[in-house]
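The structure appears below as structure tokens.
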Amino acid sequence: MGRAIVENDFIILDQQAPLVEGEFCGGCPQRFVGERRVEPDGNGTSGIMIVGDSPWKDEVRLGKPFAGAAGAFLDKHIFRRLGVKRQDFTLTNSLWCRPPYLNWTDRGGPEVAEALMHCTPYLDQLISRIRPKVIIAMGNVAMRRLVGVDGVMKRQAYVHDSRYGIPVIPTLHPSFIMQDNHKYTPAMYFAFRRAQEIVEKGGFDRLPVTYSLDQTLPDVEKYMIEQGYSVDLPLAVDIETPESDKIPEDSDELEEKAGQTIVRCGLSWRPGTAVTFPWTEPYISWLQGLLARQRVVVFHNKSFDLPRLERYGVMVSGRVYDTMWMWHFLQSDLLKSLEFVAPFYTDLAPWKHLNNGQPDLYNAIDNDATIRLFYKLKEWLEKQKRWERFEAHCVEADRILTRMGKLGVMVDVQARDTMQQSLRQDIARLDGEIQGLVPNSILPRKVLKTDRTIKGLPPEERAKWESYTARCDCSLQPDGTYSTPSPKCRRCKGSGLTTLWRTSMRFNWNSTEQVKELARAKGLKIPLKRGEDREALEAKTLKQFGKRHQVFLNILHARQSQKLITTYDWPLNAEMRATTVYGFHPSTWRKSSRSVNLQNIPKRNDLAELFRRTLIAAPGHKLVEADSAAIEAVLVGYAAGSARLIRLAKAGVHDWFMSHVRASRDGGRGIDPNLPYPELVKACAEAKWYDKHLPAHEQIREACKRCIHGTDYGLTPYGMADEYPDEFPTKKIAAEMQEMYLGLLPEIREWMRTTRERAEWQTYLDNHYQYRHYFFSVFKWDSQYNRWVLGNDGKRCIAFVPQSDGSAIQTEDLLTLDTIEGVGDWLRLIIHDSFVLEVPDSEIEYACQTLYNVQSRPRPELGGLTIGSEVKVGSNLADQEVWHP
DNA sequence: GCTATAGGCGCC
DNA sequence: AAACGGCGCCTATAGC
């Protein structure tokens, strides 16, 4: 039996593996616990050596590196796809042991590499004996051992020089990828392709570079002429801000939180070139002139750089490309930072660590990398015949979206103040009631270790504190027990007892922990979060608990009110408008809205109407909202190749389904799906009307709707009952309804099956507008039950096509609307399946008709499919009246 | 005091 | 066995 050396996930030796206790691993200077010697495998004829972590259970048992699951993964996703055999490589472990003084959180560095070297001299011996042409380091441990640096995610796929004179390419460890990180599979595949290429070419050379670092302006201009700069060439631009290095790894996150100050800027127009200069005169004025003339400008993440440049009066008038979106169009679910993307398309060595030491060089390489990405990504998109689509759906659409986002939506500030006032009063009242209903015993307590603070307080404040006697910390042992108190202790003077002060704080109903405590105190059982092993006290449970204890309803209402005040208290510009930045962040190429998010404006909640009334049109204007009717339901029908389902989705599939559910319960017959369309629409409308006028407890439309929406995206009966207990009191009831739905429309189940199979064997799916999404874990092998089960992508791949087609349709409409006289200027919001426009009163009819025409036109990409349009008009977002064509 | 994460919840 | 896809933003909390 092995034993844990250090108590964390890195060091614990596997308990089932046979270990040789107490032996030393080669020249290891430290005592360690055991080794599991596993001899290298493979004949190495490919010239590539694969170095892994230390041996794990299966590897020790079988005496082979990369045995077991990790090996199977390599076989399936790498060796088979490359058309090579495992035996062609040299496979080995980087360690035979886990050195006891090494911790998972240790940073790499020469000393760590040195220590590891001592532990595993056999690896050096093996490398000298085999002389591989390239080494692939799998995972952080192997990378640290071979190149002495840490952080494999930031260095994967880069070619590293090593002390062996052999290029080392780090990649992620298969066991990491297999732990719900399947999206990184292509990154590993790339590392192998890159290794093969180096072997084929007989070595690895980097493109020579010449950069102009902080030269005088005349020298910069001279350099640019020498290096072939032209106003007609795409020009990469990248700025640095003082906080640049604090932006998280996936750099598109939190971009708005970084400072607005620019400290440096750089340019590049050809691979291997770059100028970089400090953000001072004369460079700023010079850059203003340059970017005003440049025909094409390239950024990596323009929503970071462009607003900051504009703040300094540097305007870009040319066409703007964003390499981040180009990459995202190719690989929609991988990280978007320049650092992550660069190795796939350039020969650059890692450079991000230069940020502090050599900021000039750092910025120069940023620019060089960006221009290289531009050309390579363009080449790939053209090769896939997707460049035109990218130009339209990203570059063109982005122009419109940027304009829309900057205009935003007008807020009635006075109405908002009034609403917030009233909400605050509600919260105060609810809070008072809640505090009165919470037992003292569960109030959070604050403890003071000395009475100094208390003595200084005014009497009425002091009254809130109570003193109590506790054991003095001077005798507290690390294990939580108390030993003999020290006579020298200044606080207890050897008595072991001391006086502390405590006070009860107010109950914080925003704290999930405190509300859970309250529920427990009331003897309530908190349900587990679906699919997880933890208690969760969400709104639906608060509602449930509220039936017996008013306090939980009060908490729910107080939270809802507070959410409306905080989340939706948007900062406004001088025109009293809330603005946003649209992006393409979702992997489905839906559009996102950030800072502020204008795509989650309350709609169904009790307070929604109140809030929506504060979103108004400017004087003399109206807000026109146009929704694509049931768009995803229609698109599911189209994807499933079911004319019947398309017809039903348009006519009202919820009502049609409801009629069948009702028929099965009460006898009679459901609506015939083959009725002529007008009759079908009429029958559905009647069914809906009928349901609506039944007593509330007999209404079933909501349940039918939930069932359809959920089932279309893989919701199980368990999930239905869990999520909507009011509609589905038991799992059985949910299962019956789902069965009936799938029984009436078997093509849905068939579509899901074929979609999953195609996603699995292609490893990707395309929508009908050339959007692509990769999937590497549609199915996974359940070794415990010996069968295939749905993997991480099993449901995601079902959602992709309808969701992304929906977004593509919206983008098509956006592009069309923008070309129509006047209409483009009125665009304000996009919310996945709808537009909001701010239209002058005199143009309302024209705008409504235009929106209707555009949204309901046939879609050639979908075989002429049409989707319904519902247009509404009002002076605010709450009071909207339906417009009839 | 700051940052990262977890839990929760608004939308389609 | 696991249990609904895609987002962005807020508060509380914990760790530094």
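Lettering follows sequence order; numbering is per chain, from 1. Because the structure is a prediction, the values reported are computed rather than measured. FYI, side chains are in, hydrogens and waters are out, and symmetry mates aren't considered; it's all heavy atoms of this structure.
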Check: Gln435(A)/Asp431(A) side-chain N/O donor and acceptor closer than 3.5 Å | yes
Hey, does the side chain of [X] come within less than 4.0 Å of [N]'s phosphate (OP1/OP2), counting only N and O?
| X | N | result |
| --- | --- | --- |
| Arg604(A) | dC12(B) | yes |
| Arg594(A) | dG8(C) | yes |
| Ser511(A) | dT13(C) | yes |
| Arg534(A) | dG8(B) | yes |
| Thr716(A) | dC4(C) | yes |

Salt bridge or not for Asp569(A) and Arg416(A), using N-O below 4.0 Å?
-> yes
Does the gap between the ring centers of His393(A) and Tyr771(A) come in under 6.0 Å?
->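 They qualify: ring centres under 6.0 Å apart.
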For Arg530(A) and for Asn597(A), find the nucleotide of DNA chain C with the closest heavy atom, then tell me which residue's nucleotide is more 5'.
->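 Closest to the 5' end, via its nearest nucleotide, is Arg530(A).
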For DNA chain B, the residues among residues 561-571 of chain A that have a non-hydrogen atom under 4.0 Å from it | Lys563(A), Tyr568(A)
Candidate nucleotides dA12(C), dG10(B), dG5(C), ranked by approach to the side chain of Asn510(A) - the nearest | dA12(C)
Residue Lys795(A), side-chain heavy atoms: nucleotide from dC4(C), dG8(B), dC7(C) that is nearest =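 In terms of side-chain proximity for Lys795(A), the closest of dC4(C), dG8(B), dC7(C) is dC4(C).
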Answer yes or no for this row: Tyr718(A) ring on dA3(C) base, centroids under 5.5 Å, planes under 30°.
-> yes
Base, sugar-phosphate alone, or nothing: which one does Gln803(A) contact when heavy atoms must sit under 4.0 Å apart?
-> base
Look at all strands and tell whether Arg796(A) reaches a base, only sugar-phosphate, or nothing, counting heavy atoms closer than 4.0 Å.
-> sugar-phosphate
